[in-house]
Amino acid sequence: MNPAKAVNIEDLRGLAQRRLPRILFDWIDGGAGDESALRQSIADFAATRFVPRYLAKVASCDLSKRLFDRTYDLPFGVAPVGYAGLFWSEGELAMAKAARRLNAPFVLSTSAVASIEDIAAVAPEHSWFQLYPARDRAITEDLIARAAAAALGALVLTVDLPVPAKRERDIRNQFSLPIRYSARNILDGLAHPAWTLQWLKQGGLPKMGCWAAYAGQGASAERIAQFMREQQYTPQSWADFERYRALWKGRLIVKGLQHPDDAARALALGCDGIIVSNHGGRQFDRGPTPLTSLPKIKQAVDGKIPVMIDGGVRRGADILAALAHGADFVFCGRAIVYGLAAAGLPGALRSFDILADELKRTLGQIGLLAVSDVSPDVLWG
Ligand SMILES: Cc1cc2nc3c(=O)[nH]c(=O)nc-3n(C[C@H](O)[C@H](O)[C@H](O)COP(=O)(O)O)c2cc1C
């Protein structure tokens with residue numbers, strides 16, 4: 001599939017839908033419950049209007065953004081997405097390569113196919129590690145030690161999964177990992193031959209890189225996936241947070257907090273940054289959208305640490321909306337993953353291109369030459 005023909009992220013979504021078996025596309029595309037949090041997160045961004053400013057002689061535009069001690073060439077990066085190596089062979093490596101090439105951050109999920117070490121070999125300067133703690137404490141501690149040994153730039157602790165979500169598309173599709181070779185799934189695969197050929201060529205289910213070391217010597221990919229599932233959804237407390245803080249000497253970022261008191265507590269306990277997120281509407285259908293909780297979290301941490309955001313970005317103008325509402329950086333999940341699932345590395349690069357191009361055009365309309373000049377003044381109303 002030629003991703004260059006995609007004009008916007010929705011086109012890439014369509015290409016991804018055509019290539020992927022339904023069971024996988026729905027897993028990416030869907031949300032919890034009625035999917036109202038998913039829809040509303042997108043709608044909040046789309047509803048944001050900006051003040052046009054003309055005769056500002058906007059010729060070129062600088063999209064660079066400083067975050068922690070680095071200057072990235074773009075104000076957005078790749079959010080952690082589990083199982084991305086199932087959408088495209090070595091999918092996480094492709095997204096990390098795209099991020100490195102464009103000088104943007106990439107966050108590796110604990111549920112990725114690529115391992116911490118694989119990612120460190122491909123994009124050492126641009127990768128962070130997202131932690132889902134395991135039931136077995138020793139595994140969690142080892143994951144943290146591996147991320148430290150690989151010198152990844154930050155540990156991102158995701159906290160918004162106290163219980164498994166009710167994602168109804170997945171229930172109906174009987175999504176599970178390892179994927180079952182049921183008659184229905186085989187038919188689904190046959191109807192999507194491009195994906196199925198790649199799947200067969202890579203030898204079926206790949207080994208989940210972060211977990212392979214813990215599932216027993218010589219464990220099959222199926223056993224590793226099973227083991228990973230058994231270890232997930234570990235109830236977490238603030239005491240656990242303090243333990244991770246003590247274990248991880250680098251930058252610790254919390255992803256998924258939406259209450260200002262939680263943000264203030266995380267800050268007091270030594271957190272270095274927050275990603276305001278509703279997990280792309282995948283966990284809690286009745287929670288707030290990230291754009292509405294962002295100002296409250298900003299206020300709670302009072303400029304002491306960066307506050308980033310993800311959830312619902314589908315347009316370059318959405319990135320501007322996030323920055324104008326006070327986000328210090330933006331992360332994209334599906335917008336990049338649709339490109340990846342459509343066409344691998346060129347597809348992920350196309351996603352980045354589309355978002356950056358739309359962002360530049362929007363900045364031009366509001367008379368700004370640089371992302372660093374964005375302020376709440378650009379918001380209409
Ligand atoms: C298919 C998929 C898998 C995800 N897996 C993870 C994960 O493993 N860890 C995590 O912290 N967040 C995960 N997320 C949530 C993303 O990091 C991010 O919060 C969300 O995608 C943002 O919404 P957006 O997709 O609208 O950009 C996942 C999201 C999707 C779409």
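Both ligands and their constituent atoms are indexed starting at 1 by order of listing.
Using a 4.0 Å cutoff on heavy atoms, Tyr83 does not count as a contact of ligand 1. Residue contacts with ligand 1 do not include Ala335, since none of its heavy atoms lies under 4.0 Å from the ligand.
Side-chain polar atoms of Thr289 and Asp44 form a donor-acceptor pair below 3.5 angstrom.
Within the 4.5 Å cutoff, no side-chain heavy atoms of Leu368 are placed close to those of Thr362. Looking only at side-chain heavy atoms (C-beta outward), Met308 and Ile274 stay at 4.5 Å or farther from each other. In this structure, Asn278 and Gln283 have side chains that are not in contact, with every pair of non-hydrogen atoms separated by 4.5 Å or more. Under the 4.5 Å side-chain criterion, counting only non-hydrogen atoms from C-beta, Val254 is in contact with Phe241. Contact check for Asp29 versus Arg13: side-chain heavy atoms found under the 4.5 Å cut-off.
The distance from ligand 1 to the heavy atoms of Gly82 drops below 4.0 Å at these ligand atoms: 3 (C), 4 (C), 5 (N), 6 (C), 7 (C), 8 (O). Set against the non-hydrogen atoms of Ser109, the atoms of ligand 1 under 4.0 Å away are 7 (C), 8 (O). Near Ser277, meaning under 4.0 Å from one of its heavy atoms, ligand 1 places the atoms 19 (O). Every atom of ligand 1 with a heavy atom of Arg314 under 4.0 Å away is listed here by number and element: 24 (P), 26 (O), 27 (O). The distance from ligand 1 to the heavy atoms of Ile28 drops below 4.0 Å at these ligand atoms: 1 (C), 31 (C).
Checked against the 6.0 Å centroid threshold, Phe25 and Phe87 do not count as a close aromatic pair.
Backbone and side-chain nitrogen or oxygen atoms of Val81 are examined, and none is located within less than 3.5 angstrom of a nitrogen or oxygen of ligand 1. Between Trp27 and ligand 1, not a single N/O pair is under 3.5 Å apart. Among the atoms of Gly312, some N or O lies under 3.5 angstrom from an N or O of ligand 1.
Counting only distance, with no hydrogens or angles, the side chain of His259 and the backbone of Asp261 share a donor-acceptor pair below 3.5 Å. Between the Arg315 side chain and the Leu355 main chain, no donor and acceptor come within less than 3.5 Å of each other. Judged purely by atom type and a 3.5 angstrom limit, Asp285 uses its side chain to pair as donor or acceptor with the backbone of Asp34.
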Practice problem: Would you sort out whether Gln198 and Ser89 count as a side chain to side chain donor-acceptor pair (under 3.5 Å), showing the intermediate values? | Solution: CA-CA 7 Å; Gln198 195 185 56; Ser89 188; 5.1 Å; no
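Within the cation-pi definition used here (under 6.0 Å to the ring centroid, within 45° of the axis), Arg18 does not qualify as a partner of Trp195.
For Pro80, heavy-atom contacts with ligand 1 shorter than 4.0 Å involve the backbone as well as the side chain. Using a 4.0 Å cut-off between heavy atoms, Gln130 contacts ligand 1 through its side chain alone, with no backbone atom that close. Only the side chain of Thr158 comes within 4.0 Å of ligand 1, counting heavy atoms alone; its backbone N, CA, C and O stay farther away.
Here the heavy atom of the protein found nearest to atom 24 (P) of ligand 1 is Arg334 NH1, 3.5 Å. When hydrogens are left out, the protein atom nearest atom 20 (C) of ligand 1 is Gly280 N, 3.7 Å; that is the closest non-hydrogen contact. The closest protein non-hydrogen atom to atom 27 (O) of ligand 1 is Gly333 N, 2.9 Å.
Of the candidates Leu131, Asp310, Leu108, it is Asp310 that places a heavy atom closest to atom 19 (O) of ligand 1. Nearest residue to atom 7 (C) of ligand 1 from Tyr338, Phe45, Phe76, Tyr132 is Tyr132 (criterion: closest heavy atom). Here the shortest heavy-atom distance to atom 29 (C) of ligand 1, taken over Lys255, Arg282, His279, Gln283, belongs to Arg282.
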